[in-house]
Amino acid sequence: MAAGTAIGASAVGLELFSPGLSATAAGTYLRPCGDVRISSSWQGHKNRNPPSSEPGTDYAVITGTQIRAAANGVVVDRKDSTTTATGRYLALRADDGNYIRYLHLQSSTVPLGARVTRGQVIAYSGASGFGTDTGYGPHVHVSLWIGGTPLQQGFTNSVDFESYVDPGPYPPPPEDPVPLHKSTKYTWNAAIPEGAWAKIPLGADSNWLAESSATIKETGDLTIYLTATGVTRGFQIRVLAQSLNTTGAVVNTSPQPVVEVPASASTAANPLTYGEYALPYFLSGPLRLYAQIRALNPGIRVQQVVVKKNYWQS
Ligand SMILES: [Zn+2]
């Protein structure tokens, strides 16, 4: 498909942000940080299980690297907090009508509504996400949508930014490693107190969903499956990311989004309620993930905890 075809650009309805919509020829966008290693391709994001909710290209650069605008355009979105999986981000509406997001930033240097030119420094790369400046290994994630915003197109309907860049005389990027698979099943059989968060054990002596250290990073996708009885209203599940200092003490705990599991239409024959929580992650530095449950009615028992993850370490 031709790059930059301005499909549905008029649907954006923001004339301020659509100065002269003309199609961009393929191979004209500038990479954010020049000729650097790609640590995860757009296809690699899609191949994750479950697939990335915002497929893009990860460029491996140290924190504080200058990020240059891919094209002439306008800054249409900017988030300066480290919360959620995106961390700090900046979004550009290119003059061709396409939409580009830069995630996990250390900082942005251009205000919302500013016009920028191709090659202008617009941000500095970081590793922000999950409520901290070190939620990821340092990199910049670039997502591209053709002819509209991600809200219009769907966050998962991004296209491969690398197919639209000025390729330069660069070697092809390495592919992602083949992920390892791990599956655990634990019969917990515990009563859950109502209204308070309780840690979900993964085994008799195992609490951590994933861990990284100063020397070992871990990238993956995990899903927690709970089987519960006595659910009349529901329960909630969340994952927390703990960052540790060099002596192993917890210095920060960042709760990830909460998933609420309502009571299912259980019958006397099948009184079980099933809960599920999925999370893609990229851990770098001394970090670990664990899960909690909060009962919304008394009398809930969690019978079984199953965790499946696909991951690799680097
Ligand atoms: Zn990414």
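Every number for a ligand or one of its atoms is a count from 1 in the order of the listing.
Cation-pi geometry between Lys199 and Tyr290 is met: the NZ or CZ atom falls under 6.0 Å from the ring centre, inside 45° of the normal.
When rounded to 10 degrees, the angle formed at the Zn ion (ligand 1) by NE2 (His45) and OD2 (Asp58) equals 80°.
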Exercise. Passes side-chain contact (heavy atoms from CB on, under 4.5 Å), Leu279 versus Leu289? Steps please.
Worked result: CA-CA 10 Å; Leu279 185 75; Leu289 301 180; 4.2 Å; yes
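Nearest N, O or S atom of His141 to the Zn ion (ligand 1): atom ND1.
At a threshold of 4.0 Å, the pair Arg233-Glu194 does not count as salt-bridged, since none of the basic side-chain nitrogens sits closer than that to a carboxylate oxygen.
A 6.0 Å sphere centred on NZ of Lys185 holds no more than 12 heavy atoms belonging to other residues, nucleotides or ligands.
The nearest N, O or S atom of Glu54 is not closer to the Zn ion (ligand 1) than 2.8 Å.
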